[in-house]
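Single-structure report; data block below.
The sequence lines fix the lettering, A, B, ..., with proteins before strands; numbering per chain opens at 1.
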There are 2 protein chains.
Amino acid sequence: MALALLKVCNLHATPRLADCRHCAMRSLAICSALDLVELDALESVVLPITRHAGQSLFHEGDALDQVFIVTGGYLRTFKLLADGRRQITGFPTVGDFLGLAGKETHGFGAEALTQARLCQVKRRDMDDLLGRFPDLRKRLLDLARHELALAQEQQLLLGRKTSRERVASFLLALVERDKRNPGNRAGFVALPMTRGDIGDYLGLTLETVSRVFSAFRRERLIDTSEDGVARILDRDGLEALAAGDGG
Amino acid sequence: MALALLKVCNLHATPRLADCRHCAMRSLAICSALDLVELDALESVVLPITRHAGQSLFHEGDALDQVFIVTGGYLRTFKLLADGRRQITGFPTVGDFLGLAGKETHGFGAEALTQARLCQVKRRDMDDLLGRFPDLRKRLLDLARHELALAQEQQLLLGRKTSRERVASFLLALVERDKRNPGNRAGFVALPMTRGDIGDYLGLTLETVSRVFSAFRRERLIDTSEDGVARILDRDGLEALAAGDGG
DNA sequence: CGGTTCGTTGATTCGTGTCAAAAACCGTGG
DNA sequence: CCACGGTTTTTGACACGAATCAACGAACCG
């Protein structure tokens, strides 16, 4: 599962100081709301860190005294039941903000899916920044609103869609998200997660996910011959499925 | 289904002007962050309105140019699929804020479940207030964060819990929420919604909800002889179920 | 190479959904 | 007060979609 994506950028170098000014995801993340003065303030409190695949970033219930902005790679966020059942709530990637859900403690756990790079900011420092720069708080509110809308869309998926509809919706959501940062081949989506991860995100088992992928392949909706990537062959077909009209 | 709750407060009177200062839910809603000056500003842009049971407040996709604060009664918010399948995302009540999810358009529809009273605020006026009073913006961000945490908890429920676990979690969540405003009998929760509504909230059919209620009654976990209200008989039993350890 | 993880596919089970019917409840008006 | 139609709830019989259990091959790795 060696992702070509990950090999081109050097995820292993971990500078001691952040260079927000030249950061590739400045246009994406909350940082985009900041002018140069504000950027200096942010830079002074940011600590760049890395995590290797499988490594935990924080656990559900941990004190929320650090927040993160993803600058490279993929993660998964999830909640657990007592007996180990897992619900993945998202696959954060470049530009995403971690630490919005919950007040005193993290509302979910987070683990690196691939080698990942992040900017770590102390909660106190973040609150300080939010107090000093009103635009930043506005941006964070917009972000929270967007996250909330996505979470409710996922509720519709989990509560009312069939397995085929879920997988179709998942693929299309990835297409939408990949658009955010250019450099992805049109019609392709990165799938750095396992079938088990996808299942835990969609409320299905890994076997069901695998079967639906096979069916979609047979029906010429997608192509998965390339590893870690899916090619969308029939977007309209997937759209129809995801919307829930065409069985 | 005549709720005693609804009869004590006069929901039919619709004053022309808001009286935020003496509003009963001042301590609950976002209003609690406001001092008297700010309250005056709010009061001048608020329009009190009512909706009768079943009436729509807004539809999914409507332009988001009004937001609402519930001051009486119950509503339901929901998303629909093309063929009519429905996912209810919440049952807003006194103190709840409507209009957080989505940017340009409403991310869900909203209907009155019972006779309901609300404070309506123009989006422009709200944005204006948010600009003038930083505390209000902070309060709204906290609200959005809380909503997000709840939405993710619901994802865990919809994706990974059994029907019994879902109903147990639902009842306990109502207990938690009812605590927010006093005046509710301890150990009782209001159930102003139908079995169908509960099903559409929990990702189940109304028949399954009914069966689980019957089972819980047989097992002496709850009592539903009083209409529109459930009495919690064995909170620990429900907690164990909701957490997902005890079968 | 052996060990491990991941993906695929098949056989079977099981929890909910679906369909149907009756009972309980509601407000209304005679 | 009771009869009425409409809605909601309950319960049963049955069907079906996804989960479970199991086997196998492919890719990866030390």
Side-chain angles (χ1 to χ4, degrees), chain A residues 1-4 6-7 52-54 76 81 83-87 113-114 157-168 191-218 222-230 241 244 247, chain B residues 1-4 6-7 52-54 76 81 83-87 113-115 157-167 191-218 222-230 241 244 247:
Chain A
M1 164 141 330
L3 275 177
L6 293 182
K7 289 204 171 140
H52 55 251
R76 62 177 161 239
L81 287 176
D83 61 2
R85 276 172 286 170
R86 181 178 66 158
Q87 178 64 39
L113 202 64
T114 64
L157 180 150
L158 292 168
R160 288 297 177 224
K161 291 189 184 178
T162 66
S163 59
R164 288 168 59 85
E165 290 165 353
R166 292 181 200 205
V167 174
L191 289 177
M193 64 297 280
T194 68
R195 299 288 185 261
D197 287 330
I198 299 174
D200 282 351
Y201 181 64
L202 298 178
L204 301 169
T205 60
L206 64 94
E207 292 95 332
T208 298
V209 173
S210 179
R211 278 185 246 271
V212 174
F213 267 95
S214 297
F216 282 6
R217 232 178 283 127
R218 272 196 304 279
I222 60 170
D223 176 274
T224 55
S225 50
E226 211 175 322
D227 202 60
V229 184
L241 263 175
Chain B
M1 162 148 321
L3 274 175
L6 293 181
K7 290 202 171 143
H52 54 252
R76 63 177 161 239
L81 288 175
D83 62 1
R85 276 172 286 171
R86 182 178 66 159
Q87 179 63 39
L113 203 64
T114 63
Q115 175 86 234
L157 180 150
L158 292 169
R160 287 299 177 222
K161 291 189 184 178
T162 66
S163 59
R164 288 169 57 85
E165 291 164 353
R166 291 181 199 204
V167 175
L191 289 177
M193 65 294 282
T194 67
R195 299 289 185 259
D197 287 330
I198 299 175
D200 282 351
Y201 181 65
L202 299 178
L204 302 169
T205 60
L206 65 95
E207 292 95 332
T208 298
V209 173
S210 178
R211 277 185 249 271
V212 174
F213 268 95
S214 297
F216 283 4
R217 233 178 284 129
R218 272 196 304 278
I222 59 169
D223 176 275
T224 55
S225 50
E226 210 174 323
D227 202 61
V229 184
L241 263 175

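- Look at CG on A:Leu204: it is 10 Å from C1' on D:dA19, rounded to the nearest Å.
- Atom-to-atom, CD of A:Glu165 to C1' of D:dA18 comes out at 14 Å; the value is rounded to the nearest Å.
- Place A:Arg211 and A:Arg160 on DNA chain C by their nearest nucleotides, and A:Arg211 ends up nearer the 5' end.
- Look at B:Thr194 and you won't find any side-chain N or O under 4.0 angstrom from OP1 or OP2 of D:dT8.
- B:Arg166 comes within 4.0 angstrom of nothing in the nucleic acid, heavy atoms only.
- Atoms CZ (A:Arg195) and P (C:dG7) sit 5 Å apart, rounded to a whole Å.
- When each of A:Glu207 and A:Ser163 is assigned the nucleotide of DNA chain D bearing its nearest heavy atom, the one mapping closer to the 5' terminus is A:Ser163.
- We find the NZ-CG distance between A:Lys161 and A:Leu204 to be 12.0 Å, quoted to the nearest 0.5 Å.
- Atom CG in A:Leu113 sits roughly 16 Å away from atom P in C:dT5 (whole-Å rounding).
- Not one N or O on the side chain of B:Ser210 forms a donor-acceptor pair closer than 3.5 Å with the backbone of B:Leu206.
- Summarising the geometry, the separation between CG on A:Leu206 and C1' on C:dT9 is reported as 12 Å, rounded to the nearest angstrom.
- C:dT16 atom C1' lies 16 Å from atom CG of A:Leu158, rounded to whole Å.
- Residues B:Arg195 and B:Phe213 are in side-chain contact: their nearest non-hydrogen atoms beyond the backbone lie under 4.5 Å apart.
- When rounded to the nearest whole Å, the span between CZ of B:Arg217 and C1' of D:dT10 equals 8 Å.
- Residue-level contact check: A:Thr205 touches the bases, meaning some heavy atom is under 4.0 Å from a base atom.
- Base engagement by B:Ser210 is indicated by at least one non-hydrogen atom pair under 4.0 Å involving a base atom.
- Counting non-hydrogen atoms under 4.0 angstrom, B:Gly203 reaches the backbone sugars and phosphates but no base.
- Panel note: side chain B:Arg166, backbone B:Leu158; a donor-acceptor pair is recorded below 3.5 Å.
- Checked by atom type and distance alone, the side chain of B:Arg85 pairs as donor or acceptor with a backbone atom of A:Arg160 at under 3.5 Å.
- For the pair B:Leu191 CG and C:dC25 P, the computed distance is 16 Å after rounding to whole Å.
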